[in-house]
Amino acid sequence: MIRIGMIGTGRIAKRFLLEARSGGSVAVIGVYNPRRESADAFSHANDVTGFYGLSELFASVDAVYIASPHETHFEYAKRALMAGKHVLCEKPLCLKEEETKSLFSLAREKNLVLMEGVKTSYSPGFQKVLELIDAGTIGDVAYVDACFTKLESKTSRELTDEVYGGSFRELGSYVMLPALKIFGCDISSHEFDCVYNDKNIDIFTKGTLRFKNGCVANMICGLGVKGDGRLMVSGTKGY
């Protein structure tokens, strides 16, 4: 049984708690939020212990699940790893490349697990797509088209935070995943076009990646603009 402590008490934290309790292999020991009233409200509503200090949380668990706002992920993950705890962190793991590299370097040094919680990576459907590609079922893959959009409340954190909000920070991990998983990370050029709200936050972003192997990927994400969710992978024998 793995003892897990949660950092963050937002929407997804409650969903994680429900799933963790249904699995049977982990036990959620408690939750931490720097705002004591939020920790109290969540702990009372969900029958878990509320922690008011990270050191107390770390002393009680084997691993942490980080579900706090994006800009806090790096510091929480770093502190957890330094305390010798495995880390599962919501996407995006970090907002800067050097921060991500430093966390994985630290995890290797400490012999700890560091995972980004992009659920698509582990879904059976996506794994089957990769299996079919590896088997050559659709020939040589030349193009990936991924779209993930939803209509979000205009008062949500994602559409009001002028520094860390926006559709690409929120959903970009999902639409970039298939392109990078299939084509790798050798990108020759990239181009992005965005639609912004009155706070200059992107409510819709379309990105194009061109890879050194000649392949192309289009990525679309939106929080205030709705589109048809899809993943299309095109090859020389089909799609």
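Count residues from 1 along the sequence.
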>> Can a side-chain donor-acceptor contact be found between His70 and Glu170 if the only test is distance below 3.5 angstrom?
In response: yes
> How many angstroms lie between atom CZ of Arg79 and atom CD1 of Ile66, to the nearest 0.5 angstrom?
Replying inline: 11.0 Å
> With hydrophobic residues grouped by side-chain heavy-atom distances under 4.5 Å, do Met82 and Val64 end up in a single group?
Replying inline: yes
> From Met219 CE over to Thr205 OG1, what is the distance, rounded to the nearest 0.5 angstrom?
Replying inline: 9.5 Å
> Counting only N and O atoms by type, is there a donor-acceptor contact under 3.5 Å from the side chain of Thr160 to the main-chain atoms of Ser156?
Replying inline: yes
> Minimum heavy-atom separation for Leu114 to Phe104, with atom names?
Replying inline: O-CE2, 3.6 Å
> Is a donor on one side and an acceptor on the other found under 3.5 Å between the side chain of Lys85 and the backbone of Phe58?
Replying inline: yes
> Quick one: do Val195 and Phe148 end up in the same hydrophobic cluster if we chain Ile, Leu, Val, Met, Phe, Trp and Tyr together by side-chain heavy atoms under 4.5 Å apart?
Replying inline: yes
> Does the side chain of Val216 come within less than 4.5 Å of Phe211's, by heavy atoms?
Replying inline: no
> Between Lys206 and Asp193, is the closest basic N to carboxylate O distance under 4.0 Å?
Replying inline: no
> Is the shortest distance from a Lys or Arg side-chain nitrogen in Lys101 or Glu97 to a carboxylate oxygen in the other one below 4.0 Å?
Replying inline: yes
> Below 4.5 Å, heavy atoms only, C-beta onward: do Val233 and Leu231 meet side chain to side chain?
Replying inline: yes
>> Contact between Leu223 and Leu171 at the side-chain level, heavy atoms closer than 4.5 Å - yes or no?
In response: yes
>> I'd like to know if Ile182 and Ile220 are part of one continuous hydrophobic network [Ile/Leu/Val/Met/Phe/Trp/Tyr, side-chain heavy atoms within less than 4.5 Å].
In response: yes
> Given Val141 and Cys215, is the side-chain contact (heavy atoms from CB on, under 4.5 Å) satisfied, shown in steps?
Replying inline: CA-CA 8 Å; Val141 178; Cys215 299; 5.9 Å; no
> Tell me, do Ser43 and Phe51 make a side-chain contact under 4.5 Å, heavy atoms counted?
Replying inline: no
> Going by heavy atoms in the side chains, are Ile7 and Tyr76 under 4.5 Å from each other?
Replying inline: yes
> Looking only at atom types and distance, does a side-chain atom of Gln127 sit under 3.5 Å from a main-chain N or O of Ser121, one as donor and one as acceptor?
Replying inline: yes
> Counting heavy atoms not belonging to Met232, are there more than 12 under 6.0 Å from its CE?
Replying inline: yes
> Less than 4.5 Å apart, any side-chain heavy atom of Thr100 and any of Phe74?
Replying inline: no
>> Taking CG in Asp140 as the centre, count heavy atoms belonging to other residues, nucleotides or ligands within less than 6.0 Å. Is the count above 12?
In response: no
> Taking all atoms of both residues into account, what is the closest heavy-atom pair of Val118 and Ser173, and its distance?
Replying inline: CG2-CB, 4.3 Å
> Shortest non-hydrogen contact from Cys147 to Asp228?
Replying inline: SG-O, 3.4 Å
> Are Glu131 and Lys128 within salt-bridge range, i.e. N to O under 4.0 Å?
Replying inline: yes
> If you look at every heavy atom in Ala146 and Pro178, which pair is closest and at what distance?
Replying inline: CB-CG, 4.1 Å
>> Less than 4.5 Å apart, side chain to side chain, heavy atoms only: is that true for Leu103 and Cys94?
In response: yes
>> To the closest 0.5 Å, what do you measure between CG (Leu159) and CG (Asp202)?
In response: 8.5 Å
>> Is there a side-chain contact (heavy atoms from CB on, under 4.5 Å) between Ile187 and Lys212? Walk through the geometry before answering.
In response: CA-CA 6 Å; Ile187 299 169; Lys212 292 181 180 179; over 6 Å; no
> What class does the angle between the rings of Phe192 and His190 fall in, given that below 30° is parallel, 30 to 60° is tilted and above 60° is perpendicular?
Replying inline: tilted
>> How close do Thr149 and Cys221 get, counting heavy atoms only, and between which atoms?
In response: CG2-C, 4.0 Å
> Can you tell me if Ser105 uses its side chain to pair, donor with acceptor, with the backbone of Ser102 under 3.5 Å?
Replying inline: no
>> Treating His86 as the side-chain partner and Asp62 as the backbone partner, does any N or O pair qualify as donor plus acceptor under 3.5 Å?
In response: no
> Could you walk me through whether Lys181 and Leu130 pass the side-chain contact (heavy atoms from CB on, under 4.5 Å) check?
Replying inline: CA-CA 9 Å; Lys181 193 73 174 178; Leu130 297 180; 3.8 Å; yes
> Can you tell me how far the CG atom of Leu112 sits from the CG atom of Leu81, to the nearest 0.5 Å?
Replying inline: 6.0 Å
> How many angstroms lie between CD in Glu99 and CG in Leu93, if you round to the nearest 0.5 Å?
Replying inline: 9.0 Å
> Charged N to carboxylate O below 4.0 Å: is that the case for Asp145 and Arg230?
Replying inline: yes
> To which residues is Met6 joined in a hydrophobic cluster, defined by side-chain heavy-atom contacts under 4.5 Å among Ile, Leu, Val, Met, Phe, Trp and Tyr, whether direct or through other members?
Replying inline: Ile2, Ile4, Ile12, Phe16, Leu17, Val26, Val28, Val31, Phe42, Val48, Tyr65, Leu88, Val113, Met115, Tyr122
> Between Arg169 and Glu158, does at least one N-O distance fall below 4.0 Å, as a salt bridge requires?
Replying inline: no
>> Are the side chains of Phe204 and Tyr196 in contact, using a 4.5 Å heavy-atom criterion?
In response: no
> Should the heavy atoms of other residues, nucleotides or ligands under 6.0 Å from CZ of Arg15 be counted, would the total exceed 12?
Replying inline: no
> Taking atom NZ of Lys78 and atom CG of Leu106, what is their separation to the nearest 0.5 Å?
Replying inline: 8.0 Å
> Does the side-chain contact (heavy atoms from CB on, under 4.5 Å) test come out yes or no for Leu57 and Ile29, once each step is laid out?
Replying inline: CA-CA 9 Å; Leu57 177 70; Ile29 301 301; 5.9 Å; no
> Taking atom types as modelled, is there a side-chain donor on Asn33 or Tyr52 under 3.5 Å from an acceptor on the other?
Replying inline: no
>> Just checking Lys226: does its NZ atom have more than 12 heavy atoms from other residues, nucleotides or ligands closer to it than 6.0 angstrom?
In response: yes
> Of the non-hydrogen atoms in Thr9 and Ser38, which two are nearest, and what is the gap between them?
Replying inline: OG1-CB, 3.9 Å
